[in-house]
Structures are given as C-alpha cells and as structure tokens.
Amino acid sequence: MTALSDIVTKIRSKNAGPFWLTIDIFCGSADAYDTVSNGLDTAVVAQVFGIPVSTLKRFDIKDLNIVKFSLPRPEIQGIRLDRDMHGASFAQILTTLEI
Amino acid sequence: MVKVLIPSGALGLGYDRAALARGITQKPDIIAIDGGSTDSGPHYLGTGTSKYSRNSTKAEWRELMQARAEAGVPLVIGTAGTCGADSAVDWLVDITREIAAETGANLKLAVLKSGQSAADMATAFDAGRITPLPAAPDVDADTFATCTNIVALAGAEQIQAALDTGADIVIAGRTTDTAIISALPLARGCHAGGAWHGAKIGECGALATTSPNSGTILIEFDADGFTMTPMGTEARATPHTVSAHMLYENSDPWILFEPGGHLDVTGATYTALDDRVVRVIGSEWIPSDRYTVKLEGARLAGYQTVSITLVRDPRYVAHIREWCDDIQTKCTAKAKERVDGEFTIELRLIGVDATLGALDTSGKTGTEVGVMGIVTAQTEALSREVAKMLNPYLLHHPLTEQEEMPTFAFPFSPPEMPRGAVHEFCLNHVLTLDNPMDAFHLSVEDIGA
C-alpha cells in the first residue's frame, strides 16, 4: 500500500462554478495511471468526502494519464459555512489515501 | 480564417507586454479578454463591484485600447468588472470614457448588459422558464426579489449582435468565458466545434501552455478546427497542455454547455505542428432544441464581525475544541438573553482544521492555535454587539471553573473586525429564451474627444 501522493505527480482541486468541485489527479506516467485507475476505489473517495457514491462523477482519461473526480461542493462557494473560496484545499484529502 | 488574440486570462491580472506586441504583428481579427468569473466568491455579484483595483484595470485597459488602435480591430471584454452586473459594466464604461478623453481617441462603444429584474425572473419562474441545474439550491418565485443582483450569461449570439454594430470596443456584462472568443469565428462560418473548443482552451490565456504567466496567445480558427500559438517566446503549447485544459474548472472534461447547445470534445485530436504550436480538429458542436442561458444570482446573507485570538498555553491547546465548544454554548445562551434577532457564533481553529473542517481527519495541533470567532447576524449592529459579547470569553475563558483566570493573545485593538454585508450565491438555473437578445440590452455610443 502506498499513499496516492507518492504515486502521482500532482493532485489539484478547484471550483467548477460555485456549486461544483473538481479534483484532477495527474498521474505523470502510464504505469502510475494504471495503478491509480485500477487501484483507486470510487466508493472510498466518496467516503472521505462524506457523500453518497452516486453523486461522485469519475473520469479516467488514459490519453492524459489523469483521473478526475467532480462532486457537488461540500458547501456552496462563499456561504457562511464554506471555508475554502476557491476549493483549493480539497485535493489534500486524497493525498494520504493508500492504494 | 479568423485570428483571435487573447492578451491574458483576465483584465487586471497582468501579462507579458512583449507577447502582446508580438500578437499585434500577427494581424488578429479581434482582441478578446475576460473580465471576471464567480471564482472569487459571491461578494462581487452581491455588491455589483470589481475585484481588481481601478488603477490596475485602467492601466491594462489603456494598453489594450492602444493595441486595438494599432491592430485596427474590435476589442471585446466579457464579464466586465469581475461579476458582469450592470453597475460593474458602468464602472468599466466610465474608465473607458476617461481613457478615451485622455488619449483623444474617437471610438464607437457597444455596451451589452446582462442584468435581470427580479420581477421578470419571478414571472419567468412561474411560467416554467427557469429550471434547475444539478446541485441547484431550492428556489421559489420569491427568491429573485431577495437577490441584490441577477445576471444572465450571454453567449456568442449576443456578442455577435454587439460586434454587428461596428463597434471598436464591446464592453459586455456577464458572458460565458468562451462566448467572447467564439463569437467572431462562428459569425464568419468557422467550424462550430472548433470555435467553441478553441474558445475554451483560450479563455484563460496562456494557462493552457507551459508558461501560464506569459498571458498572451493567438488562436486561428478555420473550417476544420483551430490552431493555438502562444505569443510569449518561452511559452509552448503542447497536445498535453492544450487537451488538459478541458479539465480546468470544468466538472466534465468532455462536455461544455453553452447557450444554444453543447461542445463535445470526445473525438478531438491534438497534433503538435512544431514544439510550441498545437492544431486541434474533431470537436463537435451539438445544438440544443431550446435556447437557454445560465442565471447567476447573489443575495444578502447577513452581516459579519470577526475576532481573532491566539492560544499558546499547552494545556489549552491540548483541549482547544472543548474550550471553543464551551465558549460557543455559553456565549450563544447569554447573547440570546440580551439581544433580539437572529445570529450565529462560530469558532474556527486556525492551525487545526480551519481549512477542511469535519473532512479533516488528521486531528493534529501545533504549539499554538488561532481561534477565529465569526458572528453572522441579520444586522450590522447586532453582529458587532454579539461579537462584543464574545470578546470576554476569547480573552479570559477558563477551561475549568477551578483555575486562575487565563488571558489570551490578541493581535488587534479593537478585536472586533466588522466585515460588513456578506452575500451568497443562490441560483444555479437556466432561463429559456425565445430570442437570444430577450434577456439582454445592447446600446451604442460614441466616446472620446
């Protein structure tokens, strides 16, 4: 088992409009992509974000060696309970996932 | 063929001036730049104001107006003044008039406004013409009246109408990021899929290259697709940098919804023409059977006052959440007895889990913790009043009853920092239009000496 951040080159997260969050995992190589694409369980990702798996969109993009997730923002951007206006920190949640 | 020169990802962000000058020598047909987005939060739409400084905006806009004069082509800005509300458009129009007067230029200015009246939107809602997008908050016909600003996102059709006036400069309110780039290529019959795809790749300027800060890029649109060339000498566009940009701030990497249809890039191919220029073909535009525009609305969410205290005592650091929970309970109870009106008190632990809250499971603390108290209330006065009640707790609250009164570190006097009105986004909906211009207002004026 290895932490996701030790396998891939970069994980970034960002708003996709005020209501959606998107997370791009740049694997950096075909080997790393295969490891992540096969080893990363969508249900586990949904679990760490505390959402039903049905609301998590996943895109495995082999040509770019990227795995992408999109989900409704945990809090709508900028409302009283939102802590991260640009959605930048959510990528950190995935860095320690073991696969 | 239509050449679109994009100076940077947003006016006010800065760019490489040499790259812009190089772009002008390429004889573009139009210069297009984005003026904003929702990414900085609801404050700007809520207040109808710009995020960037007036002086920076004026300095960069003056340079772009000069570049436009040299190229002898239209200059178009979308989402003027960060949010594209009518007042933000007026702000940039005012700056433009000032520059024209100072430089002695005579210009034809087209102004496209995107602001919507609450009454019109309530009527459209009742008529079933406003429908929710995924993750939309609940709204009813009364929601619109609570918004301080509502804007509709213009597409290519409205920008084309503005260009058709023969304007030298087009200042548009809220538009989709892509519309200002795709409008002219579409009007001149370039490949529709290529026009929208190239527009998406170009919307952030040089972000889709190896040197994002260089800013300026040139996109050539034609009958089959588009070719992207960075204007910065160091910047390179590669099939990877270009194709990867479809992911950026986009919840679906293959599909992009726009007024009048959607872009599908599933079949797109990216070819390096040399080590810095990329050609793209095979993108598809699928027209929709009804014409819809997206709506954005922001409303007042209360007034806030914040206070920050720093906790360094190791015993308090070890029990920091307990300490905060106790303060929150006691202060809320006391304030409820002493004030009328709705309010909330929240304490956030800076240095513990302030960024992710409950999603952060690492649970570590450092040697100190910043505690940010946030009071949100229905009036400015109440927010400040409750924050003043919170102060004695943040200053002296003991972890247990049986101990000497502690004192914590405050970086400011007064500790209460009023943030004024706070806003929230409240629409993620589309509005169906019979005619693309129905929700927009276009006017033309001559400005200058």
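Chain identifiers are assigned alphabetically (A, B, ...) following the order of the sequence lines, protein sequences preceding nucleic acid strands; residue numbering begins at 1 within each chain.
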Chemist: What option among A:Ile76, A:Ile79, A:Ile93, A:Asp84 has the most heavy-atom pairs under 4.5 Å with chain B?
Modeler: A:Ile93

Chemist: Would you indicate whether A:Lys14, at its atom NZ, is surrounded by more than 12 heavy atoms from other residues, nucleotides or ligands within a distance under 6.0 Å?
Modeler: yes

Chemist: With a 4.5 Å cut-off on heavy-atom pairs, point out which of A:Gly50, A:Ser70, A:Ser13 contacts chain B the most.
Modeler: A:Ser70

Chemist: By a 4.5 Å heavy-atom criterion (distance strictly below it), what part of A:Phe19 contacts chain B: side chain, backbone, both, or neither?
Modeler: both

Chemist: Indicate yes or no for a side-chain donor-acceptor contact from A:His86 to the backbone of B:Ser40 under 3.5 Å, with no hydrogens or angles considered.
Modeler: no

Chemist: Based on non-hydrogen pairs under 4.5 Å, which of B:Gly357, B:Ala298, B:Gly302 is most in contact with chain A?
Modeler: B:Gly357

Chemist: Just give me the residue among B:Leu247, B:Leu359, B:Asn428 that pairs up with chain A most often, heavy atom to heavy atom, under 4.5 Å.
Modeler: B:Leu247

Chemist: Could you go through the side chain to side chain contact (heavy atoms under 4.5 Å, CB included) check for B:Ser251 and A:Lys57 one step at a time?
Modeler: CA-CA 8 Å; B:Ser251 63; A:Lys57 294 203 267 182; 3.8 Å; yes

Chemist: Chain B: which of A:Leu71, A:Ile61, A:Ile66 shares the most heavy-atom pairs with it under 4.5 Å?
Modeler: A:Ile61

Chemist: Is chain B contacted by the side chain of A:Phe90, its backbone, both, or neither, given a heavy-atom distance below 4.5 Å?
Modeler: both

Chemist: Side chain from CB out, backbone as N, CA, C, O: work out which of these in B:Tyr270 comes under 4.5 Å of a heavy atom of chain A, or both, or neither.
Modeler: neither

Chemist: Counting only non-hydrogen atoms closer than 4.5 Å, does A:Ile23 touch chain B with its backbone (N, CA, C, O), its side chain (CB onward), both, or neither?
Modeler: neither

Chemist: Tell me whether B:Glu342 at atom CD has more than 12 heavy atoms from other residues, nucleotides or ligands lying less than 6.0 Å away.
Modeler: no

Chemist: Do any N or O atoms from the side chain of A:Arg80 and from the backbone of B:Thr344 form a donor-acceptor pair under 3.5 angstrom?
Modeler: no

Chemist: Quick one: does A:Gln77's side chain have a donor or acceptor within less than 3.5 Å of a partner on B:Thr38's backbone?
Modeler: yes

Chemist: Please look at A:Asp24 and chain B and tell me whether the side chain, the backbone, both or neither of the residue comes under 4.5 angstrom of a heavy atom of that chain.
Modeler: side chain

Chemist: Among B:Asn250, B:Thr376, B:Leu133, single out the residue with the greatest number of heavy-atom pairs under 4.5 Å to chain A.
Modeler: B:Asn250

Chemist: Please test A:Leu64 against B:His240 for side chain to side chain contact (heavy atoms under 4.5 Å, CB included), starting from the C-alpha separation and ending with a verdict.
Modeler: CA-CA 7 Å; A:Leu64 295 170; B:His240 189 275; 3.7 Å; yes

Chemist: Is it the case that more than 12 heavy atoms not belonging to B:Asp138 sit under 6.0 Å from its CG atom?
Modeler: no

Chemist: Just by modelled atom types, is the B:Ala135 backbone N or O under 3.5 Å from a matching donor or acceptor in the A:Trp20 side chain?
Modeler: no

Chemist: Where on A:Arg73 is there a heavy atom nearer than 4.5 Å to chain B: the side chain, the backbone, both, or neither?
Modeler: neither

Chemist: Check for a donor-acceptor pair, side chain of A:Arg83 on one end and backbone N or O of B:Ala354 on the other, with a separation under 3.5 Å.
Modeler: yes

Chemist: Can you tell me which portion of A:Asn65 sits under 4.5 Å from chain B's heavy atoms? Options are side chain, backbone, both or neither.
Modeler: neither

Chemist: Identify which part of B:His423 has an atom lying under 4.5 Å from any heavy atom of chain A, answering side chain, backbone, both or neither.
Modeler: backbone

Chemist: If I measure from the heavy atoms of chain A, does B:Glu346 come under 4.5 Å with its side chain, its backbone, both, or neither?
Modeler: side chain

Chemist: Among A:Leu81, A:Thr96, A:Thr55, which residue has the highest count of heavy-atom pairs closer than 4.5 Å to chain B?
Modeler: A:Leu81

Chemist: How close do B:Gly41 and A:Met85 get, heavy atom to heavy atom, and via which atoms?
Modeler: CA-SD, 3.7 Å

Chemist: Counting only non-hydrogen atoms closer than 4.5 Å, does B:Leu427 touch chain A with its backbone (N, CA, C, O), its side chain (CB onward), both, or neither?
Modeler: backbone

Chemist: Looking at A:Lys68 and B:Asp252, is there a salt bridge between them, counting it only when a charged N and a carboxylate O are closer than 4.0 Å?
Modeler: no

